[in-house]
Structure formats: structure tokens, C-alpha cells
There are 2 protein chains.
Amino acid sequence: MQKQETLTKNQKIILDLIEKSDQPLKAYSILFDVKKKGINAPLQVYRALNKLVKIGKIHKIESRNAFIACKNSKCQIAKATVFSICESCEDVTEIHDHKLSEHLRDFKDNKGMKYNKYNLEFFGLCKKCV
Amino acid sequence: MQKQETLTKNQKIILDLIEKSDQPLKAYSILFDVKKKGINAPLQVYRALNKLVKIGKIHKIESRNAFIACKNSKCQIAKATVFSICESCEDVTEIHDHKLSEHLRDFKDNKGMKYNKYNLEFFGLCKKCV
DNA sequence: TTAATTATGTTATATTATTACACAGCGTTA
DNA sequence: TAACGCTGTGTAATAATATAACATAATTAA
Ligand SMILES: [Zn+2]
Ligand SMILES: [Zn+2]
Ligand SMILES: [Zn+2]
Ligand SMILES: [Zn+2]
């Protein structure tokens, strides 16, 4: 709940839309939906998306080129994300698993990389689709 | 070493190219490089890439839309991948960490998802770029 | 109040990936 | 043999995703 007040009009419009969906939305589908609100060009959408990703309000599902709202205010500002993705119905859920987060946070490779972010996507079949 | 002999000409050309690079290659840069070998269209490249991904010879770096050869013959056929990515020089390394793999393999969510695959990408700065 | 930073609006373009169609090769099996 | 299913090929067209470049406005910081 820290910086929401700094969002601009375009950013708010697009965040609202994404938050109303419980599933990821694609940039051009967002564009289509917000044309009635005066947002006319892809770049306007991408700029808002990039900002919202940066401040952790939304996450990008990399394997799907789609954007989903973060429901977890404790999310470490978009720096540590885990998703489960059903390959049949494309349902996406953000996962917050303390033990898993710990393992990932503490991971060290043997090459001296300094990590500041990770993204993990699990794929499979949800209960409905098995 | 199981099914290599079944690769077709296009698949071999493209796998060769990717294996010669220690860094990920993008589809259209591959296309450019293989034109001299008679591969003329994006689709020919994408078809080979998809096949090579499916059989685990290469992996897709989702956050970069790029493809890298798998150096690990024990890789569980493209079903369990971990990469480290330097955000400055874009150096990408595939990670094989037994303990991490175990944690990821054994992960269960609380929704009854049946997982068969995951992809994890770590981002940060490599030793050279710190 | 000036300067720096961030966002906007618009046009054009770059990059990534798929659809659709006609056909070729190969192994199975009837 | 012939018919079939399956996988791959070649080609053209197009869809989907994302950024560059430019001029301007609004917001913040000094
Ligand atoms: Zn989150
Ligand atoms: Zn499902
Ligand atoms: Zn591998
Ligand atoms: Zn680096």
C-alpha cells in the first residue's frame, strides 16, 4: 500500500483492468479494452505495463507474454515470482511458498553471480484438466 | 545419445549453429546465418527450433526469446531448466544444481496441480559486470 | 524559477511467431 | 501393392508482440 497514489491516469486505467481479471491479459487485448478510455497506441500500454511491473503491481508471465496482477502486498517488488500454469486451460496462479522462496533466495551458483531477481514457472495440468 | 540419428537436415543445420555458440541465439539471427545453407523462411527455423526444444537438445530462454544448446545429456528432456542471466552483459548459463533440482522436483502446491515441467530464470550481475 | 525527471501522444517500424496450403518421404498394415 | 497416418518441407502471407524517434507536457527537486 505504499506508492499507489503516484500512479498516473494511464497506469491506473490499465492496472484496474488487470486487477479485475484473475487471469493474465495480453498487451493488445488490454489495448483493445482501454481504447474507449482514450488510450490509443501500443506504446501507451507498454509504458504503463513496464512501470507497473517495475513497482510490483503486476507480473509478466514470460512464457505467455501476458500480465497478471500481484495479489500479494508482501511480494518483494517483482523480484521473486513463482507461477503455476495449466498447459490445457492456461489457468495461471501465483505461488507463495515460504520454503520454496527460502531455497530460491538462498541459492548460490559457483560462478560468483550476484542475483537480485528470479522468475519460476511451473507447467502441468490443473485439477480440472487432469 | 539416444535419438540424434533421427534429426533431419534442417534440424541438424540449426542445432549445429546453436551448439557452436555458447550464448543464446535468436530465431531471426539464426535465419540470417542459415540462409546460405538453403533455409529461407522463418517457419523453417521455428519448426526446427520447436522440435529441438521438444527433444531437449536446446532450451528456450523465455525472458529473452532466445535459444541455447543444452550441454547436459542428463537434462530431463527439457522438462526442468534453470538459467542464470546477467542483466548487464546478457551472459546466460544453464545451472545444474542437485539440491535445487530436488526442491523443485518435489514441490507441491495446495491445489492439486500435476506438474510435468518447470523453468527457472535467475537475474543479476555476473562477476565481470558487478 | 530553473533544471531534471518522468510521463504523454503520435507515427512509424522492428521483432517474434503462426496460419494456410500443397506436397514429399517413410513406416505400418491391410 | 495400396492406402493410411505421421512427420517434415517449401513458400507466401499475415498475425502478434514490442520498440524507436520525436515533440511536448506535467511533476519533482534544487
Ligand atoms: Zn506477486
Ligand atoms: Zn487446467
Ligand atoms: Zn539442459
Ligand atoms: Zn555480465
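In what follows, chains are A, B, ... by sequence order, proteins preceding strands, each numbered from 1.
- First and last contacts of DNA chain C with chain B, using any nucleotide atom under 4.0 Å from a protein heavy atom and ordered 5' to 3', fall at dT16(C) to dA20(C).
- The distance from atom NZ of Lys60(B) to atom P of dT17(D) is 12 Å, rounded to the nearest whole Å.
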*Are Glu121(A) and Ser63(A) close enough, and set up right, to give a side chain to side chain donor-acceptor pair (under 3.5 Å), and what steps lead you there?*
CA-CA 8 Å; Glu121(A) 299 180 6; Ser63(A) 65; 2.6 Å; yes

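- Look at Thr8(B) and you'll find a side-chain N or O under 4.0 angstrom from OP1 or OP2 of dT9(D).
- Whole-Å rounding puts the Phe32(A) CZ to dA16(D) C1' distance at 16 Å.
- Arg64(B) places its CZ atom 14 Å from the C1' atom of dA18(D), with the value rounded to the nearest Å.
- Atom pair Gln11(B):CD and dG8(D):C1' shows a separation of 8 Å (rounding to whole Å applied).
- Screening Phe67(A), Tyr118(A), Phe83(A) for a ring pair (Phe, Tyr, Trp, His ring centres under 6.0 Å) involving His59(A) leaves a single residue, Phe83(A).
- The nearest whole Å value for the distance from the NZ atom in Lys35(B) to the P atom in dG10(D) is 14 Å.
- Between the C1' atom of dG10(D) and the CD1 atom of Ile13(B) lies a distance of 14 Å, rounded to the nearest Å.
- Of the residues Ile13(B), Leu15(B), Ile14(B), the one that meets the side-chain contact (heavy atoms from CB on, under 4.5 Å) test with Leu7(B) is Leu15(B).
- Rounded to whole angstrom, the span from the OH atom of Tyr28(B) across to the P atom of dA16(D) amounts to 14 Å.
- Considering only side-chain N and O atoms, Lys51(B) lies nowhere under 4.0 angstrom from the phosphate OP1 or OP2 of dT7(D).
- Across the protein-nucleic acid pair, Lys26(A) atom NZ and dA15(D) atom C1' stand 11 Å apart, rounded to whole Å.
- If you look at Tyr115(A) and Phe123(B), their ring centroids are not closer than 6.0 Å.
- Here the CG-CD1 distance, from Asn50(B) to Ile55(B), works out to 11.5 Å after rounding to the nearest 0.5 Å.
- Taking the nucleotide of DNA chain C with the nearest heavy atom to each of Pro42(B) and Lys9(A), the more 5' of the two is matched to Lys9(A).
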*Determine, step by step, whether Glu62(B) and Asn119(B) satisfy the side chain to side chain donor-acceptor pair (under 3.5 Å) criterion, reporting the C-alpha distance in whole Å, the side-chain angles of both residues, the deciding distance to 0.1 Å, and the verdict.*
CA-CA 9 Å; Glu62(B) 292 287 355; Asn119(B) 178 57; 5.7 Å; no

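- Direction change of the helix axis from one end of the helix from dT1(C)-dA30(D) to dA30(C)-dT1(D) to the other is 40°, with five pairs defining each end axis (rounded to 10°).
- Summary of the strand contacts: Asn65(B) and Arg47(B) both lie near DNA chain D, and taking for each the nucleotide with the nearest heavy atom, the more 5' one is attributed to Arg47(B).
- To the nearest 0.5 Å, atoms NZ (Lys9(A)) and NZ (Lys37(A)) are separated by 9.5 Å.
- Residues Asn72(B) and Glu94(B) have side chains that never bring a donor and an acceptor to within less than 3.5 angstrom of each other.
- Toward the 5′ end of DNA chain D lies the nearest nucleotide of Ala48(B), the other residue of the pair Asn50(A) and Ala48(B) mapping further downstream.
- Close to dG10(D), at under 4.0 Å from its OP1 or OP2, lies a side-chain N or O of Gln44(B).
- Taking NE2 from His103(B) and NZ from Lys99(B), the interatomic distance works out to 6.0 Å, rounded to the nearest 0.5 Å.
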